[in-house]
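Here's the structure, in structure tokens; my notes come after.
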Amino acid sequence: MSKYAVEARNAVKAFGQGDLAVRALDDVSIRINQGEFFTLLGPSGCGKTTLLRLIAGFETPTSGHILLDGADITDLPPNKRPVNTVFQSYALFPHLTVAQNIGFGLEMLGQSRAVVAERVGRMLALVKLEALAGRKVSQLSGGQQQRVALARALAPQPKVLLLDEPLSALDLQLRKEMQVELKRLQRETGITFVFVTHDQEEALTMSDRIGVMSAGKLQQVGSPRDIYTRPLNRFVASFIGETNFLPGQTVPGGVKLGCGAIVEVAGASPGSVTLAKPGSVTLTVRPEQVRIEAAGAEGIPATLTSLVYFGTDTHCHLALADGAEVVARIQNPTGGDVGLEVGQAVAVRFAPGAAQVLED
């Protein structure tokens with residue numbers, strides 16, 4: 001068995017001909033480990049669903065190769081690939097019962113009645129729908145239908161399960177519940193899940209690793225923590241959560257901001273410049289890594305311009321001396337507020353190691 005469940009090697013997918021051709025995928029190479037929950041994350045039109053369709057066999061790459069468990073499946077038709085797909089629409093049969101929907105694929109594969117019954121029972125238990133086995137799917141809620149679609153896809157025991165934004169049609173509360181359920185199902189079955197979404201929270205909460213895509217290219221691959229805390233470029237930093245962008249110039253010891261303050265960053269030490277990009281750079285700092293101190297304290301002088309209450313925390317918008325804006329996120333104390341007022345003069349500092357220089 002290969003170490004990798006799925007590999008894309010220099011995958012290109014172009015739609016159209018000549019000068020009018022659009023590259024939905026532009027030389028994408030990726031390796032997805034056996035038994036991991038891997039998420040392809042990006043905005044609409046970034047190429048994530050196209051890559052999923054190449055893995056499923058619904059599209060053929062213009063060039064490049066797709067491998068499954070080490071075997072080249074680039075030219076293999078969808079029905080010959082040991083993968084299943086859960087679509088956004090679920091595509092269930094409304095006239096069949098829950099159990100019949102789950103067993104349908106097994107029957108099409110020619111499995112015996114005994115095998116179908118045993119596997120359907122196991123899947124019903126896995127998705128916690130035993131009590132609804134005889135009910136028509138048209139009588140189920142959206143969350144229950146989603147569980148049926150998952151059970152049907154898992155029943156043939158595919159090597160890889162592909163999920164194309166399956167939670168997008170659910171309301172917020174149900175979507176959060178299903179995020180937990182999906183991760184549980186993946187952990188209990190040990191099947192490799194490849195999940196497509198544009199929702200950053202889904203990607204961060206469920207994934208073992210994330211591949212961030214933009215304009216047909218893979219921007220960064222890493223754990224949720226790596227992607228969030230160490231984004232490689234401006235796109236990844238802005239797409240994953242909220243962040244502050246501050247332009248500056250490299251100087252010995254760090255980066256000098258427009259207001260004149262010098263910020264220490266990873267890769268810079270006092271008396272030397274070890275930053276990868278000399279000259280003009282952009283710093284990124286997450287709002288929760290910004291600290292607000294009393295005016296005159298050690299830090300960067302700033303003025304509080306607005307306070308936005310979010311229930312669990314308050315977003316504090318601050319203006320530096322050169323007009324640059326910094327947002328700080330402060331957790332709200334129990335039974336009180338953060339004790340700040342608009343127009344107040346304060347000092348801003350960044351948590352150690354929080355400021356990072358972006359590649360672009």
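Counting from 1, the numbers follow the sequence of the chain as shown.
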Measuring centre to centre across the rings, with the benzene-like ring taken for any Trp, is Phe193 within less than 6.0 Å of Phe38? no

Is [X] reaching over with its side chain to a backbone N or O of [Y], donor-acceptor style, under 3.5 angstrom?
X	Y	answer
Asn101	Thr97	yes
Gln145	Gly142	no
Gln220	Leu232	yes
Asp199	Glu202	yes
Arg9	Gly64	no
Gln34	Ser2	yes
Glu130	Arg122	no
Thr305	His317	yes
Gln356	Pro231	yes
Thr243	Val285	yes

Can you find a pair of side-chain heavy atoms, one from [X] and one from [Y], that are under 4.5 Å apart?
X	Y	answer
Val160	Leu68	yes
Leu340	Ile330	yes
Leu246	Phe350	yes
Arg152	Leu92	yes
Leu318	Val346	yes
Leu25	Thr62	no
Val263	Leu257	yes
Ile262	Val255	no

Other residues, nucleotides and ligands only: do more than 12 of their heavy atoms fall within 6.0 Å of NE2 on His65? no

Does a sphere of radius 6.0 Å around CD in Glu188 hold more than 12 heavy atoms from other residues, nucleotides or ligands, not counting ones at 6.0 Å or beyond? yes

Any idea which heavy atoms bring [X] and [Y] closest together, and the distance?
X	Y	result
Ile292	Ala328	CD1-CB, 3.9 Å
Ala297	Ala347	O-CB, 3.7 Å
Ala5	Thr192	CB-OG1, 3.4 Å
Val357	Leu283	CG2-CD2, 3.6 Å
Ala261	Ile300	CB-CG1, 3.7 Å
Leu106	Pro156	CD2-CA, 3.8 Å

With ring-ring contact (aromatic ring centres under 6.0 Å, His included) as the criterion, how do Phe37 and Phe195 come out once you've worked through the C-alpha distance, each side chain's angles and the decisive distance to 0.1 Å? CA-CA 7 Å; Phe37 196 122; Phe195 186 88; 5.8 Å; yes

Yes or no on side-chain hydrogen bond (donor to acceptor under 3.5 Å, both in side chains) for Thr303 and Gln344, after CA distance, side-chain angles and deciding distance? CA-CA 6 Å; Thr303 302; Gln344 182 178 345; over 6 Å; no

Does any pair with a residue in [range] pass salt bridge (Lys or Arg N to Asp or Glu O under 4.0 Å), and if so which ones, sequence neighbours excluded?
range	value
residues 46-68	Lys13-Glu59, Arg53-Glu59
residues 318-331	Glu242-Arg329, Glu288-Arg329
residues 79-97	none

Just by distance, no angles: are the side chains of [X] and [Y] close enough, under 3.5 Å, to form a donor-acceptor pair?
X	Y	value
Asn233	Gln219	yes
Thr197	Glu165	no
Asp313	Asn332	no
Thr312	Gln331	no
Gln88	Ser168	yes

Can you measure from [atom1] ([X]) to [atom2] ([Y]) and round to the nearest 0.5 angstrom?
X	Y	atom1	atom2	answer
Arg135	Leu96	CZ	CG	16.0 Å
Ile102	Leu126	CD1	CG	9.5 Å
Leu307	Asp337	CG	CG	8.5 Å
Leu163	Leu182	CG	CG	6.0 Å
Arg31	Glu36	CZ	CD	12.5 Å
Ile191	Gln186	CD1	CD	9.0 Å

From CA spacing to verdict: side-chain contact (heavy atoms from CB on, under 4.5 Å), Val308, Thr314: CA-CA 6 Å; Val308 183; Thr314 294; 5.8 Å; no

Is [Y] paired with [X] through a side-chain N to carboxylate O contact shorter than 4.0 Å?
X	Y	value
Arg113	Glu107	no
Glu181	Arg147	yes
Asp208	Lys183	yes

Connected via hydrophobic side-chain network under 4.5 Å: [X] and [Y]:
X	Y	value
Leu140	Leu185	yes
Val236	Ile210	yes
Phe235	Leu40	no
Met108	Val120	no
Ile32	Val212	no

Assess whether side-chain contact (heavy atoms from CB on, under 4.5 Å) is satisfied between Asp69 and Lys159, documenting all intermediate values. CA-CA 8 Å; Asp69 199 14; Lys159 289 185 177 181; 3.3 Å; yes

A cation-pi test, strictly: NZ or CZ of Arg286 under 6.0 Å from the centre of the six-membered ring of Tyr228 and no more than 45 degrees from its axis. Yes or no? yes

As a quick check of understanding, evaluate side-chain contact (heavy atoms from CB on, under 4.5 Å) for Glu7 and Ile66, giving each step before the final call. CA-CA 6 Å; Glu7 291 181 73; Ile66 304 296; over 6 Å; no

For Leu162 and Val86: C-alpha separation, side-chain torsions, deciding distance, then whether side-chain contact (heavy atoms from CB on, under 4.5 Å) applies. CA-CA 6 Å; Leu162 309 176; Val86 177; over 6 Å; no

